[in-house]
Every structure is written in C-alpha cells, then in structure tokens.
Amino acid sequence: MKVLITENLCKTYGAGETKVEALKNASFSVSKGEFVAIVGPSGSGKSTLLNLIGALDTPTAGKVLLDGKDIFTMKEKELSVFRRQNIGFVFQAYNLVPELNVEENIVLPLLLDYRKPEKSYIDELLNVLGLAERRHHLPHQLSGGQQQRAAIARALAARPAIILADEPTGNLDSKNSRDVINLMKMSVEKYKQTLIMITHNENFASFADRVLNVEDGVVTELGGGQR
C-alpha cells in the first residue's frame, strides 16, 4: 500500500532573474512501513521536498497524496488537524517544550486533539527508547541524545501515517547519532512505521530500504540501502 505519492511536485521562489527552481517535477511513491533516506548536497532542495511532503509549505505545482488524501486541496484548519494526526516530525533541533517533562512532551500532540494517550503504548515507547527513568525530567535536564529520543517518541505517539526526519542527528556526537539512527530503524520495524529521513551521512543512508538523491531540485532514485 502506498502511503505517500508525489506527482510532478515543483517549488519556485522569486521571478525573473531572481527565480530559483528549488524542486523540479518530483514524482515518487513510498510504501507503508518503508524507510527512505534522502541525500544530496546542501541547497539541493532536500528540505524543500520534506517541507512540501509535511505540508509545512505549499508547492508551486504538483500534488502530494498522503494516506490517500490530496493534502493541498484541504482548507488550512483541516490541513492543520490532518498534519498533526498523520505526520510525525523529528527535526535537528529537538523542539521540545521546555516547561513540560519528557512524558508530557510525548503525549502533547494527542492532547491537542483531545485524544486520551494509551498508557501502555506510551510506557512501551519510554522503555524502548531508554527514557523510562527520565519520564519526569525537563528537557534541560537531558543530554542531546535523550532529547532527540524524546522527540522520536513524540513523533511515534500518535501512530502517524508517516514520520519525516530532517537531519535528526545533526546536533549529536557520533555515538548518540548511531544510537538515534538505530532507534529510528527499529521503530520502523517494530511499529511498522513509515519513515523519510534527510541525512548528509552516507553510512546512515545505508540503513534505509531506499535512497533518493536530490540535486539541483531534481529527485532521482539511488536504489536500496543495506539491511
């Protein structure tokens, strides 16, 4: 089953001499439970692509079908709710709410939708991600690796259709980076989660089922990573 389909996705900034084609006719699909890495040089259009898939930006042309829904035909309020329920985000900056502890940060997306967190699942996430003993800690009491694990747990908490990760190891040392990548791959396998991840690290890209390359706004398929 295809969770994500992009059709001729384009994003252009500016006009005339200042016109920049950040993304050119990107068409590809992602199956449920698939781990896809996106690689390419800085400024190639990777983050633009991820922002369009995540409905954080609107395309100049083209479509994004997520879980069977044409997301850019939705009104703003409807899209906001759909995004919160169906897309989990993991950014380079952890984006945790500083006044909330680990567990409160993880369940926040559910509470925003007036949904009751499933305690057994949240407990499982805390255990699987090695945060059970940190559940009542505030973000500033955690290491960078622990904060990123909390961000991963928050992305998983709502059981979204897809998780989008933009350089999730960008602020971490090599050991924590490997741990986070291993945890993300494990979450794909354990929870049948679909993951699209931007990375500059070719070793991390090799963890993925498939690798897409973005260069000068053009998306090409590089084939499979390594299991």
Side-chain angles (χ1 to χ4, degrees), residues 1-15 18-95 109 151-152 154-156 158-170 184 188 193-201 204-205 208-222:
M1 176 186 154
K2 302 295 184 189
V3 170
L4 172 72
I5 299 170
T6 74
E7 296 178 357
N8 299 314
L9 205 54
C10 300
K11 183 65 180 183
T12 303
Y13 297 101
T18 62
K19 181 180 175 181
V20 175
E21 291 185 275
L23 203 64
K24 304 170 187 172
N25 294 311
S27 296
F28 62 93
S29 61
V30 177
S31 299
K32 183 173 173 54
E34 198 172 16
F35 177 4
V36 176
I38 298 176
V39 299
S42 293
S44 61
K46 300 188 303 297
S47 290
T48 298
L49 175 60
L50 208 71
N51 287 341
L52 292 174
I53 294 169
L56 298 174
D57 197 0
T58 52
T60 307
K63 286 183 179 182
V64 173
L65 299 164
L66 184 56
D67 217 14
K69 305 274 195 323
D70 186 345
I71 62 176
F72 294 113
T73 62
M74 296 182 190
K75 292 191 165 56
E76 193 173 331
K77 189 173 180 182
E78 182 188 4
L79 180 57
S80 178
V81 172
F82 179 84
R83 184 170 52 220
R84 195 164 61 231
Q85 292 179 351
N86 293 279
I87 306 171
F89 293 97
V90 181
F91 297 104
Q92 185 172 328
Y94 320 119
N95 291 358
I152 293 168
R154 179 182 58 193
L156 288 164
R159 301 181 193 266
I162 197 166
I163 288 179
L164 305 178
D166 192 352
E167 291 285 358
T169 62
M184 295 192 81
V188 171
Q193 191 61 63
T194 307
L195 170 64
I196 298 180
M197 178 184 74
I198 288 178
T199 182
H200 278 108
N201 188 310
F204 295 159
D209 302 314
R210 281 164 62 212
V211 182
L212 300 177
N213 182 63
V214 185
E215 197 149 353
D216 295 327
V218 177
V219 179
T220 54
E221 184 104 26
L222 291 185

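Note that the structure is a prediction, hence the values are computed from the model and not measured.
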> Is there a side-chain contact between V36 and D209 in this structure, where contact means two heavy atoms from C-beta onward sitting under 4.5 Å apart?
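V36 vs D209: side chains apart.
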
> Restricting to non-hydrogen atoms, name the atom on S47 and the atom on D166 that form the minimum distance, rounded to 0.1 Å.
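Scanning both residues, the minimum pair turns out to be OG-OD2, 3.2 Å.
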
> Between H200 and V39, does the side chain to side chain contact (heavy atoms under 4.5 Å, CB included) criterion hold? Intermediate values first, please.
CA-CA 6 Å; H200 278 108; V39 299; over 6 Å; no

> Counting distance only, does the side-chain N/O of S31 pair as donor-acceptor with the main-chain N or O of K2 below 3.5 Å?
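No.
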
> Counting only N and O atoms by type, is there a donor-acceptor contact under 3.5 Å from the side chain of K63 to the main-chain atoms of E7?
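No, K63 side chain to E7 backbone: no donor-acceptor pair under 3.5 Å.
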
> Report yes if the side chains of L164 and V90 come closer than 4.5 Å at any heavy-atom pair, otherwise no.
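With C-beta onward as the side chain, the pair stays apart.
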
> Compare every heavy atom of R83 with every heavy atom of G54, then report the nearest pair and how far apart it is.
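Looks like O-CD, 3.0 Å.
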
> If every non-hydrogen atom of M184 is compared with every non-hydrogen atom of P168, which pair is closest and at what distance?
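So the minimum-distance heavy-atom pair works out to SD-CG, 3.9 Å.
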
> Could you check whether any side-chain N or O of S27 sits under 3.5 Å from a backbone N or O of N8, counting only pairs where one atom can act as donor and the other as acceptor?
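Checking the backbone N and O of N8 against the side chain of S27, a donor-acceptor pair under 3.5 Å is found.
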
> Tell me if a side-chain donor or acceptor on T60 pairs with a main-chain N or O of T12 at a distance below 3.5 Å.
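Yes; at least one donor-acceptor contact below 3.5 Å.
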
> Would a distance-only check, ignoring hydrogens and angles, find a side-chain to backbone donor-acceptor pair under 3.5 Å from K11 to T58?
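Yes, because the side chain of K11 sits within donor-acceptor range (under 3.5 Å) of the backbone of T58.
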
> Would you confirm whether S44, through its side chain, and V214, through its main-chain N or O, come within 3.5 Å as a donor-acceptor pair?
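The answer is yes, because a donor-acceptor pair under 3.5 Å joins these two groups.
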
> Give the minimum heavy-atom separation between A55 and L79, together with the two atoms involved.
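What the structure gives for the nearest pair is CB-CD1, 3.8 Å.
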
> If we check side chain to side chain contact (heavy atoms under 4.5 Å, CB included) with L23, which of these qualifies: N51, L49, D216?
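Answer after filtering N51, L49, D216: L49.
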
> Tell me if a side-chain donor or acceptor on Q85 pairs with a main-chain N or O of P109 at a distance below 3.5 Å.
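Absent.
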
> Apply side chain to side chain contact (heavy atoms under 4.5 Å, CB included) to I196 and V30, showing your working.
CA-CA 9 Å; I196 298 180; V30 177; 4.0 Å; yes

> Mind checking whether T194 and L4 have side chains closer than 4.5 Å, heavy atoms only?
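Answer no - side chains too far apart.
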
> At their closest point, which heavy atom of A22 faces which heavy atom of Y13, and how far apart are they?
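The answer is CB-CE1, 3.5 Å.
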
> I need the minimum non-hydrogen distance between A165 and L195, along with the two atoms involved.
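The answer is CB-CD1, 4.2 Å.
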
